[in-house]
Amino acid sequence: MSQLVIEGLRAAVGGQEILKGVNLVVGSGEVHAVMGPNGSGKSTLSHVIAGRPGYEVLGGSVRIDDTKLLGLPAWKRAEAGLFLAMQYPTEVPGVALSDLLGASARMVADPDEIREMMSEEAARIGFDEAFLDRPLNVDLSGGEKKRNETIQLGVLKPAFAILDELDSGLDVDALRMVSKRVEDATREDGLGVLAITHYSRLFEQLQPDTVHVFADGRIQETGGPDLATELEDTGYQRWMGEPAAKPASAVALADDPFADPFA
Amino acid sequence: MTVVAGPGPVRKTIQLTAFSPDAARALAGPAWLADRRVAAAEAFAASPKPDTSAEEWRYSLIDELDLDRYSPSSEFGDAPMPRLDVEPAAMVRCVNGHVVAVDIDAEVAAAGVHVGILSEHPAAAERLGAVSSEAGDYFTLLNDAFAEEPILVDIPDGVIVDRPIVITHHAAGEGSAAFPRLVVRVGENAQADILDQHTSNDTESILMCPVVELDVAPAGRLGYLKVQEQGAGTWQFGSVLARADRDATIKAATAAFGGAYARTRADTRLVGQGAHGDLMAVYFGEDTQTLDFRTYQDHVAPDTTSNLLYKGVLAGKARSIYTGLIRVRPEARGTNAYQTNRNLKLSDEAWAESVPNLEIENNDVRCSHASTVNPVDEDQRFYLESRGVPTGEAERLIVAGFLDEVLQAVPLPSAAPALRLAVAAKLTRQRQSETEASEES
């Protein structure tokens with residue numbers, strides 16, 4: 001039983017404080033949903049935990065059990081058991097998925113074994129094996145990129161996964177398979193999940209234990225699975241300091257090209 | 001022959017004893033070749049040494065070249081074998097411009113293919129200089145004067161050679177000047193692929209001035225890959241001069257890894273309607289290397305296409321210079337010409353200059369050029385690192401991936417694995433020097 005512990009996390013981008021004191025504990029096998037409006041700092045939270053350059057940590061700590069993550073380079077955090085499924089996975093021309101996995105400090109398997117694991121994972125989420133030989137994320141659609149992220153999650157078997165809008169870009173069938181794959185990992189491997197999303201559709205297969213409302217750089221409210229459904233109906237208005245300048249749907253469209261405009 | 005002297009007035013004439021007409025006259029060979037050498041040596045002696053005040057030599061290290069430090073050498077050294085995945089159809093190995101071995105598959109020879117010493121071919125005098133006479137400069141003149149045993153690859157009309165032809169040029173000896181000369185002629189509707197490997201001893205101060213002429217007759221197809229792995233003390237002033245006739249295809253690639261200063265001028269003239277050129281280079285400079293490329297895509301005839309992609313990596317204090325010109329002549333309507341140069345800098349002290357140019361004299365054309373000089377992409381590195389790939393390894397994967405676009409497109413796919421290994425070895429050295437530097441600090 002492991003824990004991802006986030007305490008008093010504060011961080012800034014370009015001198016502006018985005019995370020204003022985040023406290024969160026995710027245990028093995030648990031699924032925590034972090035839901036909130038655009039611009040609330042959800043993606044910043046995922047980037048700061050994973051160690052993306054360009055963020056200034058102002059205070060607080062993040063650890064997996066006794067390993068403090070914030071002072072470590074990104075790859076050491078991954079080695080310690082952290083995985084980030086990105087909202088917009090980066091294209092890396094000329095680098096194959098098998099090269100990436102083979103070079104990961106989390107892998108001890110040989111190339112043949114890695115290939116076999118990739119094929120198994122592709123089959124579990126109904127992903128065409130032909131995509132496995134493409135350079136990383138190059139010429140993949142939004143949904144294909146998200147499935148590629150899920151394959152990596154399956155092969156690397158992290159202790160904790162941050163899913164940054166894993167649902168965006170996926171069609172209904174793919175979403176069902178991908179979220180079921182993550183749900184299976186929580187039961188089979190004790191994966192702890194921090195799922196960041198706008199919408200509750202991710203949680204039809206992936207059952208959240210806890211739902212956090214994230215707005216204005218911190219967690220505003222924490223509740224059970226019912227909170228996700230409630231948010232779907234009421235929106236985030238009551239947690240937002242200032243009324244949004246634009247209708248929420250327009251903001252969502254502008255920020256997230258894969259978002260469902262009718263959701 | 002036509003001798004092209006350097007531009008501008010002759011300011012002073014320096015008589016270099018090592019490169020005098022008398023020295024050229026003393027070289028062995030048939031009378032026509034001796035006369036040709038002497039004429040070139042005289043033209044060379046009358047030409048001023050170019051300097052960086054000329055646009056063509058701007059950014060180059062020509063001002064630091066002291067020809068007096070070098071002289072033609074007959075010294076021998078070990079000529080490295082080419083690294084190739086398949087058995088070649090023919091191989092010629094040269095050291096300091098002397099042929100030391102010629103080997104040709106009997107069946108290929110029986111088809112009339114000539115791979116060997118140029119002067120042994122009946123059309124030798126016609127082949128030598130067929131392309132270079134229209135594209136000469138100071139160093140092609142020097143090669144004309146001192147190339148002792150030019151090599152000829154001649155593919156008769158309609159003959160297809162389906163395995164690579166390999167030429168290796170090695171230079172050895174402190175202060176040696178070597179003048180490799182390779183002349184290739186691919187006949188009508190004929191086809192061949194050539195691996196041309198240039199190496200030199202690592203610890204010695206050496207000058208190499210190779211000239212390659214590629215002449216492709218109508219509907220001929222030529223793949224040419226030059227692999228430059230010269231030693232750390234070698235200076236190169238080289239030319240690859242190509243001409244493609246009607247519906248001919250030239251796929252010419254350069255892989256430049258070695259040399260202290262290595263300049264390659266690559267001219268491609270598309271002189272027949274429908275001719276096509278795929279021109280590419282992959283280069284990797286480290287330490288204090290300077291790699292200098294000058295390309296010229298000359299569209300003379302209508303409906304010609306050329307596609308140029310040069311990609312390079314600079315580490316340490318290495319420098320690269322890319323200057324390219326696409327020229328579309330008035331008659332060359334329907335031209336498609338593209339020119340892309342991308343550079344990846346692995347250190348703050350590395351330096352890359354990229355200067356693409358267009359000169360278009362016809363309206364019915366499609367041309368574009370692009371050039372970039374960037375450090376390793378932070379987002380790409382983070383993506384790999386977030387999967388547990390250590391920083392150095394992530395960089396290695398990104399760099400190899402960056403060059404892979406060229407490596408998977410080079411002619412002679414059988415030579416690509418060796419090129420990938422050469423890139424990997426360079427990257428490993430980078431990692432080692434970084435580790436040592438961080439241990440010292």
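Scope of the values below: all heavy atoms of this structure, side chains included, with no hydrogens, waters or symmetry mates. Here is the naming used below: chain letters follow the sequence lines, and residue numbers restart at 1 for every chain.
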Identify which of [options] forms the greatest number of heavy-atom pairs closer than 4.5 Å to chain B.
options: A:Ser104, A:Gly94, A:Ala78; result: A:Ser104
options: A:Gly54, A:Pro89, A:Ala74; result: A:Ala74
options: A:Lys76, A:Arg106, A:Arg52, A:Glu79; result: A:Arg52
options: A:Leu82, A:Leu100, A:Asp99, A:Leu84; result: A:Leu100

Between [X] and [Y], which heavy-atom pair has the shortest distance, and what is it?
X: A:Gly51; Y: B:Phe382; answer: C-CE1, 3.5 Å
X: B:Tyr383; Y: A:Thr90; answer: CD1-N, 3.7 Å
X: B:Pro390; Y: A:Ala105; answer: CD-N, 4.5 Å
X: A:Glu91; Y: B:Gln380; answer: O-NE2, 3.3 Å

Start with the C-alpha gap between B:Arg387 and A:Leu156, add the side-chain angles, then the distance that decides, and say whether side-chain contact (heavy atoms from CB on, under 4.5 Å) holds. CA-CA 8 Å; B:Arg387 273 68 185 143; A:Leu156 293 170; 3.9 Å; yes
Would you find more than 12 non-hydrogen atoms of other residues, nucleotides or ligands less than 6.0 Å from B:Arg429 atom CZ?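 It does: B:Arg429 CZ has more than 12 such atoms within range.
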Relative to chain B, which segment of A:Leu153 carries a heavy atom at a distance below 4.5 Å: side chain, backbone, both, or neither?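 Answer is neither: A:Leu153 stays 4.5 Å or more from chain B.
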Nearest-0.5 Å distance that lies between atom OG in B:Ser386 and atom CD in A:Gln152: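 So the gap between those two atoms works out to 8.0 Å.
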Is there a side-chain contact between [X] and [Y] in this structure, where contact means two heavy atoms from C-beta onward sitting under 4.5 Å apart?
X: A:Val92; Y: B:Leu397; result: no
X: A:Trp75; Y: B:Glu393; result: no
X: B:Glu385; Y: A:Pro73; result: yes

